[in-house]
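Everything on this sheet refers to the single structure shown next.
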Amino acid sequence: MPRIYLSPPHLSGHELEYLQDAVESNWIAPLGPQVDALEQELAGLIGVPNALALSSGTAALHLALVVLGIGHGAEVACSSFTFSASANPVVYAGASPVFVDADAATWTMDPGLLEQALAERPSIRAVVAVDLYGQCCDYDRIRELCAARGVTLIQDAAESLGAAYGDEPAGGQGDLAAFSFNGNKVITTSGGGMLVSANRDWIEHARKLSTQARDFAPHYEHTELGFNYRLSNLLAAVGRAQLAVLPERVAARRRINERYRELLADVDGLSFMPEAPYGRSNCWLTCVVVDPERSGTDRERIRLALEAEDVESRPLWKPMHLQPFFADAPLYGGEVSAALFERGLCLPSGSSLGDDDQRRVVEILLATRS
Ligand SMILES: Cc1ncc(COP(=O)(O)O)c(C=O)c1O
């Protein structure tokens, strides 16, 4: 039987048409009309006027910090429960991360702990709030705290494209937001990202920085440090074909999540990532937490049993405050994400996962109980 992956790419069937357009127009490098169109289409979808297509979500977060002028001496409060790419750009920029634990009710940044960090650390100049596994942070509270202290809010929406905060699409809640089109995301360009903001100056500055910071001159003239971070026109073509099916992809992931909940409803000691009342997750990955005392199994036993049957699953993110690289960074809270990491598992959640394969995953999981 073919391997079941955690979250593989799911093509729409129209990628080749868009790619053909790009090839026939000879716009295969460096930028081109597909990039412009992808930026406009995504901006329209999110309801934010300015968008910049980039080579990755990591690049988007890095440029967000650079255009804000964040560098040496500055601190940036960042969710601890996330992938390292949320925090690494803080270090690229020469600043220092301060980690903030998750709220047990949403698994996203705990606003109470953020409030404490902001009150105690005048060096904090920005907040990177991460929309985890497709669920938005509690932005009403986080925005209020940022506004009160005059710090800028960067929304790491790498995992939340297609989710909603209230009635609004995810990505419009931060002063800037970063999306990822990495291969494991809800839609993909094979690799890519997008920076969006209502602030046109920030996006235009990031645009300049992303193409080696070329000044306006016939020769190569540079007054500031540049980067090579743009998305190629070929990859943008793939992205447009993918973006066109975003609602279907989100619906499929939500259905898969719903089905896991039904099929595993009777398992004592197994719980799911809670869906916050303020929004609608895109259910990028379905996450479960396994209590070994009550369930008769545990996270590692399930993961190894799945792997033995050629099914990919993965522990929840190891929090940044437990990563050796960030061992010296200041931390607020820490126990919530540490406990989730200890007991949590991401199950196969790709939008192409068929009913039979999902049933197989569930049967393997159930058979691990003693
Ligand atoms: C929360 C989070 N932030 C940032 C990134 C970085 O995105 P990319 O892989 O496109 O650089 C990812 C995913 O890879 C992510 O999951």
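All ligand and atom numbering here is 1-based and tracks the order in the structure. Fair warning: this is a prediction, and the values are worked out from it, not measured in the lab.
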Q. Roughly how far, to the nearest 0.5 Å, is the CZ atom of Arg253 from the CD atom of Glu248?
A.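 It comes to 13.5 Å.
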Q.
Go through it in stages, so that I can follow the logic: the residues are Arg255 and Glu258, the test is salt bridge (Lys or Arg N to Asp or Glu O under 4.0 Å), and I'd like the CA-CA distance, side-chain angles, deciding distance and then a yes or no.
A. CA-CA 5 Å; Arg255 226 172 19 246; Glu258 192 55 42; over 6 Å; no
(Q) Can you confirm whether the side chains of Thr106 and Thr108 place a donor and an acceptor under 3.5 Å from each other? (A)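 Short answer, yes.
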Q. Considering residues at least two apart in sequence or located in another chain, which fulfil the side-chain hydrogen bond (donor to acceptor under 3.5 Å, both in side chains) criterion with Arg141?
A.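 With neighbours one apart ignored, the set is empty.
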Q) Is there a side-chain contact between Val250 and Arg280, using heavy atoms and a 4.5 Å cut-off? A)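 Val250 vs Arg280: side chains apart.
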Q) Is Glu262 salt-bridged to Arg259, going by a charged N under 4.0 Å from an acidic O? A)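 Result for this pair is no, no salt bridge flagged.
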Ligand-protein N/O pairs under 3.5 Å (ligand 1):
from, atom 1, to, atom 2, distance (Å)
ligand 1, 3 (N), Asp156, OD1, 3.2
ligand 1, 3 (N), Asp156, OD2, 2.7
ligand 1, 7 (O), Ser180, OG, 3.3
ligand 1, 10 (O), Gly57, N, 2.8
ligand 1, 10 (O), Ser180, OG, 2.7
ligand 1, 11 (O), Gly57, N, 3.3
ligand 1, 11 (O), Thr58, N, 2.9
ligand 1, 11 (O), Thr58, OG1, 2.4
ligand 1, 14 (O), Lys185, NZ, 3.0
ligand 1, 16 (O), Glu159, OE2, 2.6

